[in-house]
Q: 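Quick one: this structure, given as structure tokens, is what I'll be asking you about.
In this chain, residues are counted from 1 in sequence order.
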Amino acid sequence: MKLSLKRLFGRSMTGDSNLAEAPPPPSPRSAARKTALVSLALVLAIVGALAGGYYFAMRPVTLKIAVGPANSDDVKVVQALTQAFAQSKGFVRLRPVQTDGATASADQLAESKVDLAIVRGDLDVPKNAQAVATLRKNVVVLWSVPGKGKKKGAKITKISQLAGHRVGVVGRTAANVNLLKVILQQYGVDPAKVEIVQFPASEVAEAIKAQKADVYLAAGPVNSKITADAIAASAKDGGSPTFLAIDSADAIAQNHPVYEASEIPAGTYGGSPDRPEDEVKTISFSHHVVARKGLSETTVAAFTRQLFAVRQQLLTDFPQAAKIETPDTDKDAVIPVHPGAAAFVDGEEKTFLDKYSDYIWWSLMALSATGSLGAWFAGYLKKDERDNNSHLRERLLDMLTAARKSETIDELDQMQAEADGILRDTLRCYDHGAIEEGALAAFNIALDQFHAAVADRKAVLSSLPQNLQRAGAQFRAAGNA
């Protein structure tokens, strides 16, 4: 029921004077309206908090990734990934940090200076590293070059024949030298009896031409251009490289889990006849994309998803991108998988609502409970004010009965002044929210009845002669005495 509060203030508050001539007090705000506004503000606050939380959780994240050395295939692939991620406007962006090589990249990750790194699986992997993806697999290629002129010697066809010979290792990294030593030890060849010479990739062709080594080792993807160019240089001037098979590849993989047994298909490096003419057994190792152990699962899952989403875009410029594989999720994997990458691989990646629905639900429950508790506490604080107003309303009803029996106009004026005070107190209680609109409606009915009783009684008293009014008052006073 909607009430016109002006109607209450339009009543006479002192005798026959009309307060309509005075400016009425401002109408108090409805308690229901207050509740609605507070509820609306609470809902807007919750929606704002949820929107802010969603924006904070889903805003783009930039990850630093260590990769090296300069001008390597790994650097080029990471640069292409950086551009692809930026163009797709995905959740994850990349910032390459160039290093001197896989070892330096691993050190950067171990010191938590970067979020991701490209590392070789046959090197010491940092304890805080967890696998995200296998970037590529490298195969070991060993081949001998027949000597010419005075350097012409016995043809080397087996690894066991390497003692007393020179082996040229392509690349400056010490990891390739360690790899050669692992192979020599498997065949019982003392590495100390083998002269190991390293060449930068750019100097391999010249070293082969100058016959600086009898056997060469290269490690890279099966379709590595560096390896292919080095083998092509060995075939010049009528030479024919001889590929040395690592027949003990399975045994090496068993003793060193970072390596796997692999094969080099016939004709991989072209030529006529094919180079090699038959399939050659060898070992391989992987280059991994690893992440810091403490990196968010959501972030790593998003990175893994984006990595495989843009893989096809890189095939034109980087055919080896097709070799990007998901990490090993087995518990006994050499490099433990990051939970975020495992969630993507296993199809258990959680959405925003999956992750935070429980928090949202409990937050809403807590807000609801807090609101109910606050409403109860506010009502409790106004209990005395509400009880006092209830007593005043009862007083108004008593005055209603007394007004009908009043013998003088002065007495009616006094009761009307008291009613005005009750009116002020009631409106103040309503404004404070101590009483509801229903209680105000009941008070309005009682006030209307009181004013009607006063007006009727005054009309009766005004029609009587003055001497009868005085006699009635004296008789009433005597009776009360």
Side-chain angles (χ1 to χ4, degrees), residues 68-69 100-104 106-107 119-125 138-220 224 226-227 230-231 233-234 239 241-262 264 276 280-287 334:
D100 294 332
T103 301
D107 292 340
V119 300
R120 279 181 59 153
D122 60 336
L123 295 178
D124 290 335
V125 178
N138 298 327
V139 295
V140 177
V141 184
L142 275 167
W143 74 96
S144 63
V145 180
K148 300 176 183 178
K150 294 181 179 181
K151 294 185 179 181
K152 186 173 182 179
K155 187 176 182 180
I156 300 174
T157 59
K158 297 180 180 179
I159 295 175
S160 57
Q161 299 172 341
L162 291 180
H165 291 277
R166 291 171 299 170
V167 177
V169 177
V170 180
R172 288 295 190 183
T173 174
N176 286 345
V177 174
N178 294 334
L179 175 57
L180 174 61
K181 291 179 179 179
V182 169
I183 297 172
L184 294 175
Q185 290 170 353
Q186 180 64 36
Y187 283 87
V189 178
D190 186 357
K193 295 182 179 181
V194 177
E195 183 180 352
I196 300 175
V197 184
Q198 286 188 271
F199 307 105
S202 59
E203 299 177 9
V204 173
E206 186 63 29
I208 292 173
K209 183 178 180 180
Q211 301 185 64
K212 292 184 177 180
D214 305 310
V215 174
Y216 292 88
L217 178 147
S224 170
I226 294 175
T227 303
I231 292 174
S234 302
T242 301
F243 292 86
L244 308 185
I246 306 178
D247 296 319
S248 300
D250 291 321
I252 294 175
Q254 183 68 29
N255 297 329
H256 304 275
V258 294
Y259 299 115
E260 297 179 10
S262 187
I264 301 173
V280 178
K281 196 165 187 179
T282 185
I283 59 174
S284 64
F285 61 91
S286 300
H287 274 217
V334 176

Q: Can you tell if the side chain of I283 reaches within under 4.5 Å of the side chain of I183, non-hydrogen atoms only?
A: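 The answer is yes, as the side chains (C-beta and beyond) meet within the 4.5 Å cut-off.
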Q: Only counting residues at least two apart or in another chain, list the ones meeting salt bridge (charged side-chain N to carboxylate O under 4.0 Å, His left out) with D250.
A: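 With sequence neighbours excluded, D250 shows a salt bridge (charged side-chain N to carboxylate O under 4.0 Å, His left out) to K281, given in chain and number order.
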Q: Please list all pairs passing the salt bridge (charged side-chain N to carboxylate O under 4.0 Å, His left out) test where one or both residues lie in residues 168-183, with sequence neighbours left out.
A: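 Sorted result for residues 168-183: empty, none.
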Q: In terms of heavy-atom contacts, does CD1 of I196 have more than 12 from other residues, nucleotides or ligands at under 6.0 Å?
A: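 Atom CD1 in I196 is crowded, with more than 12 foreign heavy atoms closer than 6.0 Å.
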Q: Please list, chain by chain and in numerical order, all residues satisfying side chain to side chain donor-acceptor pair (under 3.5 Å) with Q198, sequence neighbours excluded.
A: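 In terms of side chain to side chain donor-acceptor pair (under 3.5 Å), with neighbours along the sequence ignored, Q198 is linked to no residue.
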Q: For the side chain to side chain contact (heavy atoms under 4.5 Å, CB included) test, which of D214, V215, L162 pairs with S144?
A: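 Testing each of D214, V215, L162 against S144, the sole residue satisfying side chain to side chain contact (heavy atoms under 4.5 Å, CB included) is V215.
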Q: I need the minimum non-hydrogen distance between V258 and G121, along with the two atoms involved.
A: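 Shortest heavy-atom separation between V258 and G121 comes out as CG1-O, 3.1 Å.
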Q: Provide the closest heavy-atom pair for I208 versus S234 in the form atom of the first, atom of the second, distance.
A: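 Distance-wise, the nearest heavy atoms are CD1-OG, 3.4 Å.
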Q: Taking side chain as C-beta onward, heavy atoms only, is K212 less than 4.5 Å from V197?
A: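 K212 does not reach V197 side chain to side chain.
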Q: Taking only residues two or more places apart in sequence, or in another chain, which ones meet N176 in a side chain to side chain donor-acceptor pair (under 3.5 Å)?
A: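 Partners of N176 by the side chain to side chain donor-acceptor pair (under 3.5 Å) criterion, ordered by chain and then number, come out as R120.
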Q: How close do V139 and S262 get, counting heavy atoms only, and between which atoms?
A: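 What the structure gives for the nearest pair is CG1-OG, 3.9 Å.
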Q: The criterion is ring-ring contact (aromatic ring centres under 6.0 Å, His included); which residues satisfy it with Y216, sequence neighbours excluded?
A: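 Checked Y216 against ring-ring contact (aromatic ring centres under 6.0 Å, His included); matches are W143.
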Q: Would you give the length of the straight line joining atom CG of L123 to atom NE2 of H287, rounded to the nearest 0.5 angstrom?
A: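 Here the rounded value is 7.5 Å.
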Q: Can you establish whether the number of heavy atoms outside D100 located under 6.0 Å from its atom CG is more than 12?
A: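 12 or below, so no.
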Q: For the residue pair V182 and H256, establish whether any side-chain heavy-atom pair is separated by less than 4.5 Å.
A: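 Answer yes - side chains close enough.
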Q: Return the CG to OG distance between N138 and S286, rounded to the nearest 0.5 Å.
A: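 If I round to the nearest 0.5 Å, the distance is 7.5 Å.
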Q: With sequence neighbours excluded, what pairs up with V189 under the side chain to side chain contact (heavy atoms under 4.5 Å, CB included) test?
A: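 For V189, the residues satisfying side chain to side chain contact (heavy atoms under 4.5 Å, CB included) (neighbours in sequence not counted) are A163, L184, Y187, V194.
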Q: What closest approach, in Å, do I246 and V140 show between heavy atoms, and which atom pair accounts for it?
A: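 It is CD1-CG1, 4.3 Å.
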Q: For T227, check side chain to side chain contact (heavy atoms under 4.5 Å, CB included) against everything at least two apart and list the hits.
A: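 So T227 forms a side chain to side chain contact (heavy atoms under 4.5 Å, CB included) with V141, A218, S224, I231, Y269.
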Q: Let me confirm one number: the CD1-CG distance from I159 to L244, rounded to the nearest 0.5 Å.
A: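 The distance works out to 6.0 Å.
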Q: Can you name the residues that form a side chain to side chain contact (heavy atoms under 4.5 Å, CB included) with Q186, not counting sequence neighbours?
A: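 Applying side chain to side chain contact (heavy atoms under 4.5 Å, CB included) to Q186 gives S248, A251, I252, N255.
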Q: Looking at every non-hydrogen atom in both residues, tell me the closest pair between V170 and A201 and how far apart they are.
A: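 Shortest heavy-atom contact: CG1-CA, 4.2 Å.
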Q: With sequence neighbours excluded, tell me which residues meet side chain to side chain contact (heavy atoms under 4.5 Å, CB included) with A253.
A: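 Partners of A253 by the side chain to side chain contact (heavy atoms under 4.5 Å, CB included) criterion come out as none, since no residue qualifies.
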Q: Looking at every heavy atom in both Q211 and R166, which two are closest together, and how far apart are they?
A: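 Distance-wise, the nearest heavy atoms are O-NH2, 3.3 Å.
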Q: Is L179 close to Y259 at the side-chain level, that is, under 4.5 Å between some pair of heavy atoms?
A: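 When only atoms from C-beta onward are counted, L179 and Y259 do touch, with a gap below 4.5 Å.
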